[in-house]
**Q** 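Following this message is one structure expressed as structure tokens.
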Amino acid sequence: MSEPKKKLLITGFDPFGGETVNPSWEAVRLLPEEIGACRLTKQQIPTVFGRAAETVLAASEKLQPDVILCIGQAGGRSGITPEVVGINLREARLPDNAGNQPTDVPVVENGPAAYFATVPVRAMVKAVNDAGISAALSYSAGTFVCNDVLYSLLHHYHGTATKVGFVHVPFLPEQAEENVPAMALEQMTAALTAAISVC
Ligand code: PCA
């Protein structure tokens, strides 16, 4: 008999900020249905404050996953970066895909300042590095929609068995201007596969 599979909900965002692709969703789309002990369910989510987390929560209510891993684009980064922490702050330098541009607004009114991710971020970095791909911990997911999703999910699942994590990925080569780092899609997918294998 085969081992029962862990259920992993994995998400990527739609394009934002004038881009025509978002590497997070492109990489998630290419992942296999199963990685190690995990069976994957993929969901695209909108780059919109509040609505992004609501979309993840609607999917997770249905699936009841063991692990939720959200992937997002972080243009300018050179490697795969699991996020260590989500903070209770919305502060946008550019409008989201619904035109929202909050400043100094909490994600959750009266929520704690921050939550640590509950996936094994250090093991994930090691697994990606062992696969020969650049990865490092990130101590800030920013204050835009990615952080919004990470904080919202960590708040929602605080004290439960459901693990929550977020991984930022670099631009794809076709997005990056000169002297801006980028990563090929196949490498991103291989990196996410390695990271998921230890989740
Ligand atoms: N990156 C943005 C939001 C959507 C995405 O892919 C962020 O880092 O907040």
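Both ligands and their constituent atoms are indexed starting at 1 by order of listing.
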**Q** State the atoms of ligand 1, each with its element, that fall below the 4.0 Å cut-off from a heavy-atom position in Phe16.
**A** 1 (N), 2 (C), 4 (C), 5 (C), 6 (O)
**Q** Side chain or backbone, does His168 bring an N or O within less than 3.5 Å of an N or O on ligand 1?
**A** yes
**Q** Hey, could you give me the OH/CD1 distance between Tyr157 and Ile68, rounded to the nearest 0.5 Å?
**A** 4.0 Å
**Q** In ligand 1, which numbered atoms sit nearer than 4.0 Å to a non-hydrogen atom of Thr47?
**A** 3 (C), 4 (C)
**Q** Does atom NZ of Lys42 have more than 12 heavy-atom neighbours from other groups under 6.0 Å away?
**A** yes
**Q** Give me the one residue out of Asn22, Val48, Ile71 that meets side-chain contact (heavy atoms from CB on, under 4.5 Å) with Phe13.
**A** Asn22
**Q** Specify whether Phe144 and Phe49 have parallel, tilted or perpendicular ring planes, treating 30° as the upper limit for parallel and 60° as the lower limit for perpendicular.
**A** perpendicular
**Q** Heavy-atom contacts under 4.0 Å between Phe144 and ligand 1: side chain, backbone, both, or neither?
**A** both
**Q** Taking 4.0 Å as the limit for heavy-atom contacts, which would you say applies to Asn22 with ligand 1: side chain only, backbone only, both, or neither?
**A** side chain
**Q** Which heavy atom of the protein is the closest neighbour of atom 7 (C) of ligand 1, given with residue, atom name and distance?
**A** Cys146 SG, 2.7 Å
**Q** With distance as the sole test, does Lys62 use its side chain to make a donor-acceptor pair with the main-chain N or O of Leu57 at under 3.5 Å?
**A** no
**Q** I want to know if ligand 1 touches Gln73 in the polar sense, i.e. an N/O pair below 3.5 angstrom.
**A** yes
**Q** Just which atoms of ligand 1 are under 4.0 Å from any heavy atom in Gly72?
**A** 6 (O)
**Q** Charged N to carboxylate O below 4.0 Å: is that the case for Arg51 and Glu54?
**A** no
